[in-house]
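Each remark here refers to the structure printed beneath this line.
Chain naming here is simple, since letters A, B, ... match the order of the sequence lines and numbering starts at 1 in each. Keep in mind that the numbers below use all heavy atoms, side chains included, and drop hydrogens, waters and symmetry copies. Remember, it's a predicted structure, so these values are computed and weren't measured experimentally.
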Amino acid sequence: MRRRSAGVNLMEVVVSTNILAVVVLLTFNLFPGSFLALESCRTRSEAHAAAVSLLEERSALPYAAHQLGEEKVAEGLTLTVAPAPGAATDRLLELQATASWTDFSGSHRLTQSCYVVNLER
Amino acid sequence: MVVCQSRPRGATLPTVLVVASLGFLLAFTLAGTATSQLGFVNRTALGRRAGYLAEAALRKAVADLMSGALPASLTHVRLTGDPEEAEGLVTFDPTIAKKLEIPVSTDNLASEVATRGHGGRTVPAESMHLVGTGRVGGVTRSVEAVLHRPPFPFVLASSGTVRSEGGVLIGSLDAAGDTSPEALLPADLASNSRLEDAVVLGPSSFVAGDLRSAGGVVLDPTSQVKGQTSLYAGPLELPEVDIAAFDPGPTAQKIEETYLAGQRLVGSSRTDADLVVVGDLLMDGGLLFVRGNLTVHGGLQGTGLVAVTGRVRIEGGVSLSGANQTVLLAGNDVELVGFGQETSSFQGMVYTRGSLVAQRITVVGSFVSNGTSGSVSLRDGRAFFDADMQTLDLSSRKLRFGIHDLSAPQVVFLGPTERPAYEFALSVEPFRSNTFGPVMFRVKDPMTGTLRTIGDARAAVPVLADLAYDYARANLPQEVKLDRPDDWTPERLDASEARALQNSLQDLAHDYAQGEVVDREFDLNRFLSLAGQLRILLWRPL
């Protein structure tokens with residue numbers, strides 16, 4: 001008796017092809033999305049770090065060194081010194097660091113703020 | 001024979017399934033990494049925002065406080081760029097703190113004793129413990145700060161220049177009163193002059209604390225500043241004292257003479273003319289107001305406040321003693337001229353709207369020159385800081401205690417002329433509980449700041465003896481052992497000493513009954529804004 005040879009039959013080829021097609025489609029969809037998300041995350045993280053760094057640097061200055069108004073510190077990075085709500089400007093000021101950038105998904109803007117008080121450390 | 005040869009079976013489907021699984025794993029790992037990275041970045045950013053909110057709330061509370069507002073029951077802030085639900089909070093109200101589930105802040109500014117704040121934090125006397133909480137996106141951060149209102153820390157402070165000709169010694173004395181540079185504790189010097197030579201210190205000058213100048217500093221190469229030297233620093237806020245506000249008015253005893261000699265000044269006295277004092281000016285808890293110039297051919301002895309609208313010249317000085325403390329306020333120049341820094345001294349506080357010149361004299365206390373033409377000049381002098389000299393309560397009297405022999409220490413009540421090896425003073429304030437009631441005493445515990453009320457002079461004697469013993473034991477130099485015998489009781493005070501102490505208290509009660517104890521307090525810090533007084537002791541995330 002001759003056993004039937006166990007070669008690749010049509011059914012196996014069809015199933016395998018379908019599975020591979022689904023995997024390839026899914027993978028190819030996930031990869032760019034993930035990479036773009038990571039890239040966006042990195043840019044946002046850098047923007048936040050730049051804003052925080054600017055705030056730390058400026059809030060360490062003597063109180064008298066702060067001038068009300070907006071200042072462009074670098075490309076895409078501005079610092080605004082504004083009166084803090086409900087307080088005299090000779091006592092309390094709000095520093096706002098705003099980072100702006102553009103990526104694949106459009107334009108973005110991030111603002112981080114802090115208060116500075118007129119009190120010697 | 002039939003050979004059954006099995007053809008190798010293909011592995012297509014299992015291989016595909018394995019490859020597919022690996023592909024899925026890779027894809028989802030990547031997606032997961034991206035998601036968790038996003039989450040981490042967001043959480044870090046939210047944490048930072050919450051931290052800024054906590055600090056902002058804390059700073060807003062400090063700003064409100066400095067503006068003269070009492071600490072609000074709740075300080076609530078929001079920062080530009082934060083999400084809607086973000087908030088920074090500070091509260092001094094335990095009920096609100098409990099309701100909002102945030103730490104409570106503690107206001108201990110008006111107290112003279114330490115207390116406990118949130119988290120068991122020790123809040124020193126005249127301090128405030130603030131805890132700011134920031135909340136955003138489910139992330140909470142807290143920041144704590146301790147603000148303290150210390151005494152004005154400058155032994156010499158001037159709106160103008162500070163000059164020394166020859167060596168000058170600036171520092172704080174320790175309990176033993178050692179004046180050698182190695183033994184001096186820090187005391188600071190400040191000038192608000194913006195000149196390049198705002199502070200000039202001559203050869204061999206020594207500053208045990210910090211030197212702060214709004215301009216430059218010229219130091220002789222042999223001079224030394226032990227603390228920090230700050231050049232071109234922001235101007236220091238100096239006290240603004242209104243001399244005329246110390247005029248006691250027509251109810252005060254009027255001095256008609258131009259010359260005074262050997263008179264003991266008690267209560268309030270005033271004159272509208274220049275006054276010359278021949279010999280020492282003896283102050284006994286009194287207030288002297290001169291609408292003119294004052295010249296003293298001697299030193300200032302005793303305790304009192306002298307307010308002069310014009311110039312002051314003091315030609316002489318007294319030897320250092322715990323019994324001397326004068327607050328001298330002048331609307332114009334002040335000259336303190338002694339006979340030598342070892343023999344002549346001025347103890348107290350000098351505030352002038354003009355310049356201050358000290359020659360051949362040791363000055364102990366705080367010395368402030370704050371006027372448009374203000375300056376400080378020291379010639380062959382020494383300046384020692386003593387924070388106790390910045391406050392004077394003329395409604396109380398200081399009773400002197402001391403130890404004559406440090407090798408066999410025994411605390412004794414001192415007579416006016418006694419000069420012991422170690423001395424200190426206890427403050428006693430007479431008062432009446434009602435208009436017709438007897439004169440009673442309030443005794444202040446110098447270590448805890450608590451007040452004890454005592455009905456009469458006899459009862460006050462053992463209380464004062466007890467306090468004096470405790471104070472001496474806690475403050476004597478380490479090498480001096482003052483052991484209280486187990487059977488020691490205040491009643492064991494020497495009979496003659498107890499009598500002298502009781503007599504002194506009875507005299508005080510008598511003076512008070514006769515209206516000769518002035519009800520007036522002076523505190524240099526009161527003439528500074530709260531912003532000028534407060535210092536940050538601690539500022540850190542919780």
Side-chain angles (χ1 to χ4, degrees), chain A residues 1-3 5-9 12-13 15-17 19-20 22-24 26-31 33-38 40-42 44-45 48 51-52 55 59 62-64 80 82 84-88 90-92 94 96-98 109-121, chain B residues 2 4-13 15-17 19-24 26-28 30-35 37-38 40-42 44-45 48-49 51-53 55-60 62-64 66-67 77-82 88 147 233-236 531-532 534-536 539:
Chain A
M1 184 183 132
R2 186 184 167 87
R3 276 188 63 195
S5 71
V8 179
N9 65 21
E12 278 180 326
V13 171
V15 170
S16 302
T17 311
I19 290 171
L20 267 178
V22 169
V23 168
V24 167
L26 273 176
T27 310
F28 274 76
N29 269 333
L30 271 175
F31 269 91
S34 298
F35 279 122
L36 289 176
L38 278 174
S40 166
C41 182
R42 189 185 63 79
R44 177 168 285 274
S45 186
H48 188 248
V52 165
L55 285 183
S59 60
Y63 192 84
T80 307
D90 62 339
R91 291 266 176 260
L92 194 71
E94 186 178 33
Q96 303 159 9
T98 304
R109 201 177 148 87
L110 178 150
T111 301
Q112 178 74 66
S113 309
C114 74
Y115 280 174
V116 285
V117 66
N118 189 3
L119 181 67
E120 282 195 40
R121 289 225 165 189
Chain B
V2 177
C4 181
Q5 189 178 3
S6 114
R7 198 171 151 223
R9 190 184 167 85
T12 310
L13 190 56
T15 308
V16 165
L17 285 173
V19 169
S21 301
L22 286 173
F24 268 122
L26 185 64
F28 282 104
L30 189 65
T33 307
T35 311
Q37 177 81 354
L38 266 172
F40 176 74
V41 167
N42 274 339
T44 307
R48 185 71 81 155
R49 280 191 190 279
Y52 277 128
L53 278 162
E55 294 229 2
L58 220 147
R59 288 183 169 135
K60 176 74 165 61
V62 172
D64 288 347
M66 288 193 303
S67 303
V77 297
R78 283 203 55 235
L79 290 171
T80 307
D82 283 349
L147 304 182
L236 173 78
L534 287 176
R535 292 288 177 271
I536 299 170
W539 191 295

field: Partners passing side-chain contact (heavy atoms from CB on, under 4.5 Å) against B:Arg48 (at least two apart in sequence or in another chain)
entry: A:His48, A:Val52, A:Glu56, A:Gln112, B:Tyr52
query: With A:Ala82, which residues qualify under side-chain contact (heavy atoms from CB on, under 4.5 Å), at least two apart?
result: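 Expected list: A:Gln96.
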- request: Compare all side-chain heavy atoms of A:Tyr115 with those of B:Leu58 and state whether any distance is below 4.5 angstrom.
  value: no
- request: Against chain A, label B:Leu53 side chain, backbone, both or neither, depending on which of its atoms sit under 4.5 Å from a heavy atom there.
  value: neither
query: Which atom names give the shortest non-hydrogen contact between B:Arg59 and A:Val116, and what distance separates them?
result: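 Heavy atoms of B:Arg59 and A:Val116 come nearest at CD-CA, 4.1 Å.
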statement: Heavy atoms of A:Thr111 and B:Thr80 approach each other most closely as CG2-O, 3.8 Å
- line: Interface check, chain A: of B:Ala56, B:Ala57, B:Gly51, B:Ser21, most non-hydrogen pairs under 4.5 Å belong to B:Ala56
- prompt: Checking A:Leu36 against chain B: side chain, backbone, both or neither under 4.5 Å from a heavy atom?
  reply: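 Interface part for A:Leu36: neither.
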Under 4.5 Å from any heavy atom of chain B - which part of A:Val24: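 No part of A:Val24 comes within 4.5 Å of chain B.
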message: Only pairs of heavy atoms separated by less than 4.5 Å count here; which of A:Arg44, A:Arg109, A:Glu94 has the most with chain B?
response: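 The answer is A:Glu94.
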